[in-house]
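A note on names: the letters A, B, ... follow the listed sequences, proteins ahead of strands, and every chain is numbered from 1.
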2 protein chains.
Amino acid sequence: MRKQRKGCDVPDATILRLPLYLEKLKLLQAIGVEDVSSRQLAESLDIKASQLRHDFHYFGGFSRPGRPYQVAKLVPALEKIIGIAEPVHTIIVGAGHLGQALANYQNLDIQGFPIKGIFDVNPKLIGLDFRGSVVQDMDEMETVIKDQGVKIAILTVPAAHAQAVTERLVAAGIVGIFNFAPMDLKVPTTVAVRNERLAVGIMSLSFKVKCILQSSENKEEAEEL
Amino acid sequence: MRKQRKGCDVPDATILRLPLYLEKLKLLQAIGVEDVSSRQLAESLDIKASQLRHDFHYFGGFSRPGRPYQVAKLVPALEKIIGIAEPVHTIIVGAGHLGQALANYQNLDIQGFPIKGIFDVNPKLIGLDFRGSVVQDMDEMETVIKDQGVKIAILTVPAAHAQAVTERLVAAGIVGIFNFAPMDLKVPTTVAVRNERLAVGIMSLSFKVKCILQSSENKEEAEEL
DNA sequence: GGGTTCATGTTAACCATTTAACAGCATTAG
DNA sequence: CTAATGCTGTTAAATGGTTAACATGAACCC
């Protein structure tokens with residue numbers, strides 16, 4: 001198999017930290033900080049400095065050794081690595097409550113993912129306006145994807161329709177799908193999917209809550225002895 | 001230190017799979033499947049059977065050895081482990097677009113997390129009705145938490161207010177916080193937090209999209225030779 | 001200039017998670 | 001009854017990720 005381009009065989013765990021680094025660095029930049037050491041940055045994110053350096057090491061040379069990182073260089077470097085040096089055109093498929101919430105969530109735009117369209121099959125939703133994006137009929141989807149060079153789709157349709165919609169998206173040239181439907185999508189290996197399962201999140205929280213409540217019961221029992 | 005109760009020192013990775021097992025098992029139950037082997041269940045979730053058995057092993061004895069798992073026993077067992085054998089009373093704090101979307105997302109209720117209140121400080125939002133839950137002034141929050149025995153709060157307020165609200169929640173007796181604000185909350189060790197960062201999700205997707213696009217460019221170059 | 005301090009890049013040790021291997025029980029067919 | 005098959009529970013090996021250690025470079029002070 002052909003060797004991958006530099007910087008693409010990186011552990012998932014590292015990839016998930018890159019946005020956190022970027023966010024914190026942008027914050028520092030906004031308040032005028034010019035230099036930051038791996039220790040400072042790591043402590044503010046509650047991780048070890050060695051881990052941060054290890055993460056950066058996959059991409060190589062953000063600074064000359066012996067000198068702290070320069071915020072002004074790191075921010076664009078990370079943006080390039082993450083792939084948001086240029087705005088990444090995005091659409092939302094499914095204009096239900098969640099789709100609407102995401103369309104209104106202007107942070108997406110600010111962070112480099114401008115919404116180029118919202119689509120639904122429900123005639124009652126078509127025409128509604130969210131921050132300048134008007135809900136369109138799903139028949140328009142393929143045209144917008146191609147005309148606007150959309151690469152990422154946020155999928156908020158009901159689980160029952162998710163796979164069918166996915167196949168249309170893939171055929172139209174979508175390369176990344178941010179899937180909020182509680183179901184696993186089948187896609188070719190040339191398409192990336194990230195599943196966002198709210199139920200998983202709240203249930204894993206529930207597990208920990210149960211453990212906390214149990215251990216505090218234990219404590220009370222112990223005190224009663 | 002006091003020894004933890006059975007089944008609480010479990011790796012995070014395992015905890016995150018429990019809801020997936022439960023969901024799939026409920027689906028099987030709905031279509032009348034009575035028995036399921038670790039292999040069948042694992043394959044339908046795209047994981048290894050040995051991993052599933054290893055996960056279950058933390059909690060012990062779901063079946064007699066030599067016989068497949070019984071769906072009807074596994075479902076309540078997992079519900080008990082996750083802590084949703086009884087409904088887990090929940091509130092939503094912040095009735096912006098995301099809070100509204102979650103309030104309307106009836107799956108939460110079905111999966112064991114009935115919404116006992118939605119709160120905001122914005123007078124324009126107070127009184128709005130979402131599936132029977134009326135947005136209340138945040139001053140009512142502590143009362144509802146105590147009266148209804150609420151243990152989990154879903155936090156969808158702006159980042160700037162997240163820490164202050166968190167402190168009120170903790171003081172009122174909340175044990176788990178599902179945090180959608182893009183910031184790290186400081187809480188005592190007796191409170192569990194799960195951060196849901198949409199920006200992290202879409203950026204990690206963007207990274208993979210970039211890699212896919214680069215490698216397909218490479219391929220094209222190779223074909224041109 | 002030399003020593004001290006603080007920094008990164010890099011490698012190695014450590015730890016956690018995932019996967020494989022296998023021992024033992026239940027059922028079924030011959 | 002015995003052998004073969006299919007299954008789980010459990011332990012061991014392999015993999016992957018995190019943390020510590022260290023070599024080396026840059027700036028600063030005396």
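Taking a 4.0 Å limit (strictly below) on heavy-atom distances, residues 13-26 of chain B reaches DNA chain C at A13(B), R17(B).
Rounded to an integer number of Å, the gap from CD of Q51(B) to P of dA20(C) is 11 Å. To the nearest angstrom, P of dT18(C) lies 11 Å from CG of D12(B). Separating the NZ atom of K48(A) from the P atom of dA21(D) is a distance of 12 Å, rounded to the nearest angstrom. Straight-line distance from the CD atom of Q70(B) to the C1' atom of dA26(C): 13 Å, rounded to whole Å. Rounded to whole Å, the distance from CG on D35(A) to P on dC28(D) is 11 Å. With rounding to whole Å, Y58(A) atom OH is found 15 Å from dG9(C) atom P. Between L52(A) atom CG and dA20(D) atom C1' the separation is 15 Å, expressed in whole Å. Atom-to-atom, NZ of K73(A) to C1' of dT8(C) comes out at 15 Å; the value is rounded to the nearest Å.
Residue pairs that meet the salt bridge (Lys or Arg N to Asp or Glu O under 4.0 Å) test with at least one member in residues 153-170 of chain B, sequence neighbours left out, are E142(B)-R168(B). Applying the ring pair (Phe, Tyr, Trp, His ring centres under 6.0 Å) test to every pair with at least one member in residues 169-203 of chain B, sequence neighbours left out, gives these pairs: F178(B)-F180(B). Residue pairs meeting the ring pair (Phe, Tyr, Trp, His ring centres under 6.0 Å) criterion with at least one member in residues 195-222 of chain A, sequence neighbours excluded, do not occur. Counting only residues at least two apart or on different chains, the salt bridge (Lys or Arg N to Asp or Glu O under 4.0 Å) pairs with a member in residues 53-62 of chain A are R17(A)-D55(A). Residue pairs that meet the side-chain hydrogen bond (donor to acceptor under 3.5 Å, both in side chains) test with at least one member in residues 108-119 of chain A, sequence neighbours left out, do not exist here. Pairs passing the salt bridge (Lys or Arg N to Asp or Glu O under 4.0 Å) check and including a residue from residues 171-187 of chain B, sequence neighbours excluded, do not occur. The list of salt bridge (Lys or Arg N to Asp or Glu O under 4.0 Å) pairs with a residue in residues 25-52 of chain A, not counting sequence neighbours, reads K26(A)-E79(A). Listed by first and then second residue, the ring pair (Phe, Tyr, Trp, His ring centres under 6.0 Å) pairs that reach into residues 80-116 of chain B come to none, sequence neighbours excluded.
Judged by distance alone, the side chain of Q100(B) and the main-chain N or O of A95(B) form a donor-acceptor pair under 3.5 Å.
For Q40(A), the side-chain hydrogen bond (donor to acceptor under 3.5 Å, both in side chains) partners two or more places apart in sequence, or in a different chain, are S37(A).
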Can you give me the N/O atom pairs linking the protein to nucleotides 7-10 of chain D at distances under 3.5 Å, or say none if there are none?
{"residue": "dT8(D)", "atom": "OP1", "partner": "S38(B)", "partner atom": "N", "Å": "2.6"}
{"residue": "dT8(D)", "atom": "OP2", "partner": "S38(B)", "partner atom": "N", "Å": "3.4"}
{"residue": "dT8(D)", "atom": "OP2", "partner": "S38(B)", "partner atom": "OG", "Å": "2.6"}
{"residue": "dT8(D)", "atom": "O3'", "partner": "S63(B)", "partner atom": "OG", "Å": "3.1"}
{"residue": "dG9(D)", "atom": "OP1", "partner": "S63(B)", "partner atom": "O", "Å": "3.3"}
{"residue": "dG9(D)", "atom": "OP2", "partner": "Y69(B)", "partner atom": "OH", "Å": "2.9"}
{"residue": "dG9(D)", "atom": "N7", "partner": "R53(B)", "partner atom": "NE", "Å": "3.2"}
{"residue": "dG9(D)", "atom": "O6", "partner": "R53(B)", "partner atom": "NE", "Å": "3.4"}
{"residue": "dG9(D)", "atom": "O6", "partner": "R53(B)", "partner atom": "NH2", "Å": "3.0"}
{"residue": "dT10(D)", "atom": "OP2", "partner": "H57(B)", "partner atom": "NE2", "Å": "2.7"}
{"residue": "dT10(D)", "atom": "O5'", "partner": "H57(B)", "partner atom": "NE2", "Å": "3.4"}

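Between V10(B) and F59(B) there is a side-chain heavy-atom pair separated by less than 4.5 Å.
For the helix from dG1(C)-dC30(D) to dG30(C)-dC1(D), the angle separating the two terminal helix axes comes to 10°, with each axis derived from five pairs and the value rounded to 10°.
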